[in-house]
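Report on one structure; see the data block that follows.
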Protein chains: 2
Amino acid sequence: MKLLDIAEVAHSTGMAASRLRFYEEKGLIGSIGRRGLKRLFEASVLERLSLIALAQTAGFSLDEIAGMFDETGRPRLDRVQLSAKADDLDQTIRRLGALRDGLRHAAACPAPSHMECPTFRRLLKGAAESRRRRWVEDLG
Amino acid sequence: MKLLDIAEVAHSTGMAASRLRFYEEKGLIGSIGRRGLKRLFEASVLERLSLIALAQTAGFSLDEIAGMFDETGRPRLDRVQLSAKADDLDQTIRRLGALRDGLRHAAACPAPSHMECPTFRRLLKGAAESRRRRWVEDLG
DNA sequence: CTACGACTTCAAGCCGACTTGAGGTCAATG
DNA sequence: CATTGACCTCAAGTCGGCTTGAAGTCGTAG
């Protein structure tokens, strides 16, 4: 099994080395030894980093993500939690869909000012309750 | 035209007063006078706050949002920018859709570990390029 | 064998978006 | 007319997620 140094991991994931060190410090990934000073990672760290990226996309914080691996480092994803998350995402997706449609409309709308466009105004009403930070946090 | 004090605005928007002051300091909203010490806002600030919330949902930073109003305070939304945002949102939505499907699959999947499930692994691949911070930032 | 350059550690800094705290001021109520 | 309590200002703090900087340590190319 090929071992990768931090530069290789950084290069193939596009993540800065500092970030990988930061993740290691947080317990998100583990290096399996050193060559000289340099950390060595198993190739599987790439997969793990993908999983981390995925979880971030889903709105999990790094701390939450850290809790998703068991002691041996294997993911232990709670299936119940997963479907709950999927439901949340569904919500989010629908909100964003409405938003996208609203934006597109606003971009094409002939009203002199967006504020005079009923579609845009309807969109505004919806936005009041559901801001980005809110739904990102709510996912957690 | 009715004037609102900060408490009323805070209450009807659900935003903390500190946040409204913060927005004023940033130039995002403007109070139109004082009664004693207390700021007074025109009722139209509510609409403006909705617009701000909307823009935040769409992934604009507060600084960007500040640039979306002209001197008289009317929104001057760049239609090109809006459709670009809509496109970004579309991207995001598609990714999140794939993610949701992946999560649902993982929740139902009989594979002993998620890592052994081909569907889940496919999901990982997709996530690698598109992290949350990335798309949030790229929207700007 | 020595110099180089890529890594290391640790602490501190930064960004966005606010919140919190200390100490001050004011309009209204009793 | 004095108290109360909601607001005020300004500075500092918080949180997440990293990045940056200074000073040190290696393996390897020359």
Side-chain angles (χ1 to χ4, degrees), chain A residues 3-41 45 49 52-68 127 130-140, chain B residues 3-41 45 49 51-68 130-140:
Chain A
L3 298 183
L4 308 171
D5 70 22
I6 199 170
E8 292 170 311
V9 175
H11 180 256
S12 61
T13 58
M15 298 178 182
S18 61
R19 185 168 172 190
L20 298 172
R21 280 181 220 114
F22 176 70
Y23 280 4
E24 187 182 21
E25 199 179 342
K26 280 231 147 190
L28 286 165
I29 58 177
S31 56
I32 118 172
R34 300 283 174 122
R35 171 160 50 236
L37 284 182
K38 301 184 184 182
R39 286 163 179 75
L40 292 175
F41 296 95
V45 78
L49 286 168
I52 292 169
L54 176 61
Q56 275 193 305
T57 303
F60 291 95
S61 72
L62 293 183
D63 284 353
E64 288 172 322
I65 295 169
M68 291 179 183
S130 54
R131 294 171 303 93
R132 183 180 51 83
R133 288 190 63 79
R134 184 163 211 64
W135 60 258
V136 166
E137 282 164 10
D138 284 352
L139 292 174
Chain B
L3 298 183
L4 307 170
D5 70 21
I6 198 171
E8 293 171 310
V9 176
H11 181 257
S12 62
T13 59
M15 298 179 182
S18 61
R19 186 168 171 189
L20 297 172
R21 280 187 276 290
F22 176 70
Y23 280 5
E24 188 182 20
E25 199 178 342
K26 280 232 147 190
L28 285 165
I29 58 177
S31 55
I32 112 171
R34 299 283 173 121
R35 171 160 49 237
L37 283 182
K38 300 184 183 181
R39 285 163 178 78
L40 291 176
F41 296 95
V45 78
L49 286 168
L51 184 50
I52 292 170
L54 176 62
Q56 275 193 303
T57 303
F60 290 94
S61 72
L62 293 183
D63 283 353
E64 287 171 322
I65 295 168
M68 291 179 184
S130 55
R131 295 168 303 93
R132 183 180 53 82
R133 287 191 63 79
R134 185 163 207 65
W135 60 255
V136 165
E137 283 164 9
D138 285 353
L139 291 173

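Basis for what follows: all heavy atoms, side chains included, without hydrogens, waters or symmetry-related copies. The chains referred to below are lettered A, B, ... by the order of the sequence lines, with proteins before strands, and numbering in each begins at 1.
- For the pair B/Gly36 and B/Leu62, nearest-nucleotide mapping onto DNA chain C gives the more 5' position to B/Leu62.
- The minimum heavy-atom distance linking A/Ala10 with A/Ala17 is given by the pair CB-N, 4.2 Å.
- Taking atom CD of residue B/Glu24 and atom P of nucleotide D/dC7, one finds them 15 Å apart after rounding to whole Å.
- Here the side chains of A/Ile29 and A/Ile52 are in contact, with some heavy-atom distance below 4.5 Å.
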| query | When you look at A/Lys26 and A/Asp63, which way does the side-chain contact (heavy atoms from CB on, under 4.5 Å) test go after all the steps? | reply | CA-CA 8 Å; A/Lys26 280 231 147 190; A/Asp63 284 353; 3.0 Å; yes

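- Over its full length, the helix from C/dC1-D/dG30 to C/dG30-D/dC1 turns its helical axis through 20°, comparing axes from the five pairs at each end and rounding to 10°.
- Along DNA chain D, the nucleotide nearest B/Ala7 and the nucleotide nearest A/Ser61 are compared for position; the residue whose nucleotide lies closer to the 5' end is B/Ala7.
- A pairwise comparison of heavy atoms in B/Leu62 and B/Tyr23 identifies CD1-CE1, 3.8 Å as the closest pair.
- Between the C1' atom of C/dC18 and the CD1 atom of B/Ile6 lies a distance of 14 Å, rounded to the nearest Å.
- The shortest distance between the side-chain N/O atoms of B/Arg35 and the OP1/OP2 oxygens of D/dA6 is not below 4.0 Å.
- Dashed line: the shortest gap from a side-chain N or O of B/Arg34 to OP1 or OP2 of C/dA27 is not under 4.0 Å.
- In this structure, A/Phe60 atom CZ and D/dG16 atom P are separated by 16 Å, rounded to whole Å.
- In this structure, B/Lys38 atom NZ and C/dT25 atom P are separated by 17 Å, rounded to whole Å.
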Polar atom pairs (N or O), protein with nucleotides 19-24 of chain D, under 3.5 Å:
unit_1, atom_1, unit_2, atom_2, d
D/dT19, OP2, A/Ser18, OG, 2.7
D/dT19, OP2, A/Arg19, N, 3.4

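- Atom CZ of B/Arg35 sits in a sparse spot, with 12 or fewer heavy atoms from other residues, nucleotides or ligands closer than 6.0 Å.
- Within the 4.5 Å cutoff, side-chain heavy atoms of A/Leu49 are placed close to those of A/Leu20.
- The minimum heavy-atom distance between B/Asp5 and B/Phe41, with the atom names listed, is C-CD1, 4.3 Å.
- Between A/Ser31 and the options A/Glu24, A/Arg21, A/Lys38, a side-chain hydrogen bond (donor to acceptor under 3.5 Å, both in side chains) holds for only A/Glu24.
- Rounded to a whole Å, the CZ atom of A/Arg39 is 16 Å from the P atom of D/dT25.
- The distance between atom CD1 of A/Ile65 and atom C1' of D/dG16, rounded to the nearest whole Å, is 12 Å.
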Q.
The test is side-chain contact (heavy atoms from CB on, under 4.5 Å); show your working for B/Leu4 and B/Leu40 and say whether it passes.
A. CA-CA 5 Å; B/Leu4 307 170; B/Leu40 291 176; over 6 Å; no

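- Atom C1' of nucleotide D/dC18 and atom CD of A/Glu25 are separated by 11 Å, given to the nearest angstrom.
- Look at CD on B/Glu64: it is 16 Å from P on C/dC15, rounded to the nearest Å.
- When the side-chain nitrogen and oxygen atoms of B/Tyr23 are compared with OP1 and OP2 of C/dC18, one or more of them lie within a distance under 4.0 Å.
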